[in-house]
Each structure stands twice: as C-alpha cells, then as structure tokens.
Amino acid sequence: MARPGPPMDANTFAALFQHMEQLYPGASRTPSTPQESAAQKEISTLLSRTTPTTPASDFAKTLAHVPAALGQNLGNIEPLCAFSRKFTQSLTSPQKLLYRLAIEAAATPVLYAQHGGEGVLCDKAHEKYGKLWQLDAGTRSYVRLLSDVTYYKAEMGDWQSAAEWGLRSMRADERDNCKLRDRVGAYLVLAGRFSEAAGFCWGWLVGDGMKGPGPGVERANI
C-alpha cells in the first residue's frame with residue numbers, strides 16, 4: 001500500500017478553507033491560535049505515521065492532542081477532520097471513529113458554552129435548536145462531524161449507535177443537509193426497533209420534508 005503524503009502545511013490549509021468559503025459564502029472560519037496550530041501540526045504528523053498495526057497506546061497519544069488542537073474554536077473541527085481524510089488509506093475504521101469521537105468530546109462543551117447550553121441539541125424551544133447548519137462555519141462543521149460518526153458507527157455494524165448519532169445530527173440540523181433521514185430509518189430497522197422506525201419514517205412523510213423532521217425524530221424515542 002502506498003504511503004500518504006507529508007502532513008498538511010499552512011498553504012494547504014489556506015487553500016482548503018478558501019475553497020470551503022466559496023462553497024458556503026459568508027461562512028468564514030475563525031483562524032486558529034498559534035497554540036492550536038501547533039497541536040494540529042503535531043496531530044497531522046502523528047497521523048501520517050499511523051498504520052492499521054499502530055498500537056492503541058500510541059494512537060491514544062494522537063487523540064490526547066485533540067483538545068488543545070480544537071481549543072475554544074469550533075472552526076478547528078474542519079482541519080482536524082481533514083487530517084483523517086488525507087490519511088484515510090492508512091487508518092482503520094475503528095481509528096477513524098475514535099478520532100472523530102475525540103473531536104466530538106472536545107467540541108460539544110464548546111458548542112454548549114457558545115450557543116446557549118445543552119438545549120441547543122435537545123430542546124425544541126431553544127432558539128438555535130435545529131439551526132446549527134445555518135449559524136456559522138464552526139457549527140456547520142459540528143453537524144458534519146456528527147454525521148461522520150454516524151457513518152462510521154454504521155460501517156462497523158453498530159446500528160443502535162448509528163441511529164442515535166444520526167438522530168442527533170438531524171436534531172442539530174432540521175433541514176438534514178447531511179442527508180441522513182433515509183439511512184436512520186434503515187438503521188432503526190437493522191437495530192430491531194421496528195415500531196420506532198415506522199414512527200420515524202411516518203413523521204417524515206407527514207412532515208415538511210427538508211424543512212424539518214416533523215414528529216419523526218421525536219417518535220423515534222431516542
């Protein structure tokens with residue numbers, strides 16, 4: 001198997017985010033601090049050396065740098081996930097999942113602190129509930145992160161968790177820009193939760209389509 005290229009440099013980051021801003025006008029990313037950039041560079045270097053046979057204890061050292069690399073900036077989610085995509089051929093699915101779970105664990109407290117507490121993901125009365133995709137580049141990256149976790153959970157056959165993470169992503173983004181609704185219904189069926197799958201799918205059928213999951217997410221009881 002061919003080894004991936006060297007860690008990303010600053011110019012590569014600049015080009016990546018210029019492209020992202022062209023795709024999503026007005027969604028500018030808050031620049032990383034020097035400390036965050038240093039931690040990101042360390043993660044990139046470590047991931048470039050990671051293989052499927054890398055001991056878990058060594059991979060844990062990579063994950064330990066994630067909180068410092070994220071800092072208090074949700075905009076750092078995107079470059080962190082980009083590292084995994086760059087070195088995807090040398091990482092196993094469990095490694096990719098663990099890496100994204102580490103990012104989520106660091107990012108969720110930041111999300112709560114900056115956007116009004118836990119209700120932003122679970123309280124329909126919260127002013128930002130279901131609207132994270134529209135807020136800024138950082139919250140949009142957070143929604144994509146949740147969908148990434150969903151896909152890797154499903155790839156590993158953990159249908160129960162895949163359904164839960166998919167619904168969490170859809171609660172964060174009522175328009176389901178990550179296109180998870182069809183998959184979540186299937187995950188519920190594969191997890192043996194047939195009545196919840198029926199309620200979820202019916203909620204989408206009688207709801208407002210891409211404007212929101214209507215009663216489907218709530219009926220899934222997750």
Side-chain angles (χ1 to χ4, degrees), residues 50 52-54 56 59-60 63 66 77 80-81 84-85 88-109 111-112 115 117-126 128-134 139-222:
T50 301
T53 60
T54 296
F59 191 66
L63 304 184
V66 168
I77 293 173
L80 288 173
C81 289
S84 177
R85 291 191 290 270
T88 188
Q89 291 185 346
S90 61
L91 299 176
T92 65
S93 291
Q95 287 170 334
K96 295 172 189 175
L97 174 61
L98 287 172
Y99 179 61
R100 281 167 173 77
L101 287 174
I103 299 172
E104 185 275 334
T108 298
L111 176 76
Y112 291 163
H115 294 284
E118 297 181 15
V120 71
L121 292 179
C122 63
D123 183 0
K124 294 186 74 172
H126 194 289
K128 296 180 181 179
Y129 176 87
K131 298 178 174 61
L132 294 190
W133 187 266
Q134 297 100 295
T139 55
R140 182 179 291 116
S141 294
Y142 183 82
V143 174
R144 282 195 292 264
L145 175 65
L146 297 181
S147 72
D148 281 354
V149 174
T150 301
Y151 289 130
Y152 284 117
K153 287 284 189 179
E155 187 173 293
M156 296 173 65
D158 188 349
W159 310 119
Q160 191 84 262
S161 290
E164 293 170 1
W165 282 93
L167 285 165
R168 188 178 179 189
S169 177
M170 292 168 66
R171 290 192 181 103
D173 170 29
E174 64 186 3
R175 296 182 180 179
D176 187 27
N177 284 280
C178 293
K179 306 295 187 286
L180 289 174
R181 66 181 185 185
D182 293 337
R183 294 173 180 268
V184 168
Y187 298 156
L188 288 167
V189 169
L190 289 166
R193 299 162 67 168
F194 305 117
S195 61
E196 293 175 56
F200 173 80
C201 294
W202 177 250
W204 275 102
L205 289 172
V206 302
D208 292 329
M210 293 307 292
K211 292 183 180 179
V217 169
E218 307 310 323
R219 290 184 186 179
N221 253 348
I222 294 179

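- Every residue two or more places apart in sequence or in another chain was checked for a salt bridge (charged side-chain N to carboxylate O under 4.0 Å, His left out) with R183, and none qualifies.
- For the atom pair CG of L98 and CD1 of I103, the computed distance is 11.5 Å after rounding to the nearest 0.5 Å.
- Closest of all the heavy-atom pairs between V143 and A172 is CG2-CB, 4.0 Å.
- Note that OG of S141 is 11.5 Å distant from CG of L132, once rounded to the nearest 0.5 Å.
- The two residues V66 and A102 come nearest to each other via the heavy atoms CG1-O, 3.7 Å.
- The distance from the CG atom of L145 to the CD1 atom of I77 is 5.5 Å, given to the nearest 0.5 Å.
- Under the rule for a side-chain hydrogen bond (donor to acceptor under 3.5 Å, both in side chains), the partners of T139 that lie at least two apart in sequence or sit in another chain are D136.
- Side-chain atoms of Y129 and V120, non-hydrogen and from C-beta on, never get closer than 4.5 Å to each other.
- Of all non-hydrogen atoms in F200 and R181, the two that sit nearest each other are CE2-O, 3.2 Å.
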Please assess Q134 against R175 for the test side-chain contact (heavy atoms from CB on, under 4.5 Å), listing each intermediate value before the final yes or no.
CA-CA 10 Å; Q134 297 100 295; R175 296 182 180 179; 3.6 Å; yes
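- Contacts classified as salt bridge (charged side-chain N to carboxylate O under 4.0 Å, His left out) and involving residues 90-101 (residues at least two apart or in different chains) are given here: R100-D148.
- For Y187, the side-chain hydrogen bond (donor to acceptor under 3.5 Å, both in side chains) test picks out no residue, with sequence neighbours left out.
- Judged purely by atom type and a 3.5 angstrom limit, T88 has no side-chain atom pairing as donor or acceptor with the backbone of R85.
- Annotation: side-chain hydrogen bond (donor to acceptor under 3.5 Å, both in side chains) contacts of Q95 (sequence neighbours excluded): T92.
- Residues R171 and C122 have side chains not in contact (no heavy-atom distance under 4.5 Å, counting atoms from C-beta outward).
- Counting heavy atoms from C-beta on, the side chains of V189 and W159 never come closer than 4.5 Å.
- Considering only residues two or more places apart in sequence or on other chains, E155 meets the side-chain contact (heavy atoms from CB on, under 4.5 Å) condition with S93, Y152.
- No donor-acceptor distance shorter than 3.5 angstrom exists from the side chain of H126 to the backbone of G117, with no hydrogens or angles considered.
- Taking OG1 of T150 as the reference point, atom CZ of R168 lies at 9.5 Å (rounded to 0.5 Å).
- Nearest heavy-atom pair across C201 and G185 is SG-CA, 4.2 Å.
- To the nearest 0.5 Å, atoms CD (E174) and CH2 (W133) are separated by 13.5 Å.
- Side-chain contact check for Y151 versus W165: every heavy-atom pair is 4.5 Å or farther apart.
- Interatomic distance, T50 OG1 to Y99 OH, rounded to the nearest 0.5 Å: 10.0 Å.
- Residues L146 and L180 are not in side-chain contact: their nearest non-hydrogen atoms beyond the backbone lie 4.5 Å or more apart.
- You'll find the side chain of Y142 reaches within 4.5 Å of the side chain of E104, heavy atoms only.
- Residue P52 comes nearest to S90 through the heavy atom pair CD-O, 3.3 Å, listed as atom of the first residue, atom of the second, then distance.
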